[in-house]
Number of protein chains: 2
Amino acid sequence: MEKYLDVLKACPLFEEIGDENLLRMLNCLGAKVQLFDKKYTIIAEGNPAKFIGIVLSGSVQITQTDFFGNRSIVAVSQQGEMFSEAFACAEVKAIPVSIIATEPSEIMLIDCSHVLHTCANHCGFHQQLIFNLMKSLAVKNILFHQKIEVTSKRSTREKLMSYLMLCAKKADSNSFTIPFDRQELADYLCVERSGLSSEIGKLKKEGIIDAHKKHFEIL
Amino acid sequence: MEKYLDVLKACPLFEEIGDENLLRMLNCLGAKVQLFDKKYTIIAEGNPAKFIGIVLSGSVQITQTDFFGNRSIVAVSQQGEMFSEAFACAEVKAIPVSIIATEPSEIMLIDCSHVLHTCANHCGFHQQLIFNLMKSLAVKNILFHQKIEVTSKRSTREKLMSYLMLCAKKADSNSFTIPFDRQELADYLCVERSGLSSEIGKLKKEGIIDAHKKHFEIL
DNA sequence: CACCTTTTGTTGAAATTTCAACATACTTTC
DNA sequence: GAAAGTATGTTGAAATTTCAACAAAAGGTG
């Protein structure tokens, strides 16, 4: 576990918890680490939510797929970020999304019931954990608001621009890299890939943005 | 405060807290009640989030409005439900939404810092409050997932049908009332009002649904 | 480096949505 | 209960998106 310490310390779930305590706590929580290859499903839709996931390396996508096979990318979690914590906290019987590794990824899984309920040996950090979890859930709520602000736009162009402006704000720079290829970006913005491609082309021609692969710049 | 006891007891924030303790706690938290007329803004976009809101009577809408004045309805909160709790917990400097009363509404406002930080006289329920808040945030996260599942659909018909099916599931009946008029439903589903109206008309003609004003039935 | 696979861009036709405008129905107010 | 205002349904034209198909580019593999 020691080699993951730097990532874990940066994870909001473990804020205000010292290094040494962190290691002991992980043990107490029964945290386990698993490696998933690219495109592997970490948690499949329909399963009960038991685990909080933490991305130690790599990255994951939270996706929904409807009857007709249309994929929608709800969110991504990258190194140091959590996923599935809301489902686990709410103890949902069947999660409505699938969690998929987008590259070879090391994932820490923590049984949420261990976080929520005080353990026998009173390791004494549950209150802090619950507080941190609450903060993280609040932050994720706000991220959803941002996503809804983007996808509530009516046209492909508006969705794309408001997404790119959000990225620029987050990166604190007009030049940034997005975590999506074209198809994935389309699935995230809920638009057609071909329409998105041509819209990117138009914005480039108009001198509003510059784009190469996953790298974008707002001019 | 006594007259609000029934509503407050049903509010997830006060779960596992007895009647008598609840009243004392409200006092300790400095909870205040305000009446807002229809269409009045309870919290305006851009203000710092300080308060957790609880709808004692009436109902509120959480809305976003872009530069061009296009309104999008993010969510509604009805009697016994909270709003703005995520922004307050995350202590955001400028909330990205406006909260508006959709009818004359009694609103309880609680300074979130009083919930998060233990008070001087150690009234002793903060841990339970924080736990409840965490649960509520998790549930709201899941509601966002549901909203995203609805609005990520590409066509007006699909958005409408998946919204109505969600309502039916929630009501546990094929017959239910939605909290929106036509324009509001359009703003919630992120579609055009006139297109929505005609789609409702088509679905009625096809015998798939029945609709009168805010009442719907899936056949 | 050649081959195969995947990703991206492009195109035009079909379908859908938006927009604007108006008619009708329903509410509210005096 | 008449008048004014608001909400809903309807329409057709314009704009946009989706769909399907293909070409070009990029990436991976032996």
Side-chain angles (χ1 to χ4, degrees), chain A residues 37-39 61 66-73 100-104 150-164 177-206 208-216, chain B residues 37-39 61 66 68-73 100 102-104 150-164 177-206 208-216:
Chain A
D37 274 343
K38 186 172 176 173
K39 293 194 180 172
Q61 287 180 344
D66 67 17
F67 340 100
F68 299 107
N70 300 312
R71 175 181 70 166
S72 160
I73 297 177
I100 294 167
T102 49
E103 50 188 306
V150 168
T151 57
S152 70
K153 297 281 187 296
R154 303 300 172 80
S155 69
T156 299
R157 170 180 285 236
E158 277 186 298
K159 284 181 187 175
L160 175 59
M161 282 309 295
S162 69
Y163 173 67
L164 293 178
T177 300
I178 66 170
F180 300 121
D181 64 27
R182 291 290 180 272
Q183 181 65 61
E184 291 169 338
L185 181 57
D187 290 345
Y188 181 81
L189 298 178
C190 309
V191 298
E192 190 59 26
R193 181 196 61 80
S194 66
L196 175 63
S197 261
S198 91
E199 206 60 58
I200 290 172
K202 281 184 210 164
L203 286 165
K204 276 161 88 171
K205 242 179 226 145
E206 293 173 29
I208 296 171
I209 66 168
D210 202 13
H212 294 289
K213 297 180 52 187
K214 295 185 173 186
H215 186 264
F216 284 76
Chain B
D37 274 342
K38 186 172 175 171
K39 293 195 179 173
Q61 286 180 345
D66 68 17
F68 299 106
N70 299 313
R71 175 180 70 166
S72 159
I73 297 176
I100 294 166
T102 49
E103 51 189 306
V150 168
T151 57
S152 69
K153 297 280 186 299
R154 303 301 171 79
S155 68
T156 299
R157 170 180 285 236
E158 277 186 297
K159 284 182 187 176
L160 175 60
M161 281 310 293
S162 69
Y163 173 67
L164 292 179
T177 300
I178 66 169
F180 300 121
D181 63 28
R182 292 290 181 272
Q183 181 65 62
E184 289 168 339
L185 181 57
D187 290 344
Y188 181 80
L189 298 178
C190 309
V191 298
E192 190 60 25
R193 181 196 61 78
S194 66
L196 174 64
S197 260
S198 91
E199 206 59 60
I200 290 173
K202 281 183 211 164
L203 286 165
K204 276 161 88 171
K205 242 180 226 146
E206 293 173 30
I208 296 172
I209 66 168
D210 201 13
H212 294 289
K213 295 178 58 186
K214 295 186 174 185
H215 186 265
F216 284 76

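Just so it is clear: chains get the letters A, B, ... in the order the sequence lines come, proteins before strands, and each one is counted from 1.
Looking only at distances, no side-chain donor or acceptor of A:R71 sits under 3.5 Å from a matching main-chain atom of A:D187. Looking at B:E206, its side chain never comes within 3.5 Å of a backbone N or O of B:L203 through a donor-acceptor pair.
In this structure, B:R193 atom CZ and D:dT6 atom P are separated by 14 Å, rounded to whole Å. For the pair A:Q183 CD and D:dA26 C1', the interatomic distance rounds to 17 Å; values are reported in whole Å. Remark: C1' of D:dG9 and CG of B:L196 are 11 Å apart, rounded to the nearest angstrom.
A salt bridge is absent between A:K204 and A:E199: the closest approach of a Lys/Arg side-chain nitrogen to an acidic carboxylate oxygen does not fall below 4.0 angstrom.
For DNA chain C, the contact window with chain A, defined by any atom under 4.0 Å from a protein heavy atom, covers C:dT8 to C:dT18 in 5' to 3' order.
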Let me see the working for B:K38 and B:E103 under salt bridge (charged side-chain N to carboxylate O under 4.0 Å, His left out), right down to the final yes or no.
CA-CA 4 Å; B:K38 186 172 175 171; B:E103 51 189 306; over 6 Å; no
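Relative to the axis of its first five pairs, the axis of the last five pairs of the helix from C:dC1-D:dG30 to C:dC30-D:dG1 sits at 60°, rounded to 10 degrees.
Among all heavy-atom pairs drawn from B:T177 and B:H215, the shortest one is OG1-CD2, 3.6 Å.
Taking the nucleotide of DNA chain C with the nearest heavy atom to each of A:G201 and A:K39, the more 5' of the two is matched to A:K39.
Note on A:K213: every side-chain N or O is 4.0 Å or more away from OP1 and OP2 of D:dA25.
Note on B:S197: a base of the nucleic acid sits closer than 4.0 angstrom, heavy atoms only. Using a 4.0 Å heavy-atom cutoff across all strands shown, A:T156 reaches sugar-phosphate atoms only and no base atom.
Considering CD of A:Q183 and OG of A:S197, their distance stands at 9.5 Å, rounded to 0.5 Å.
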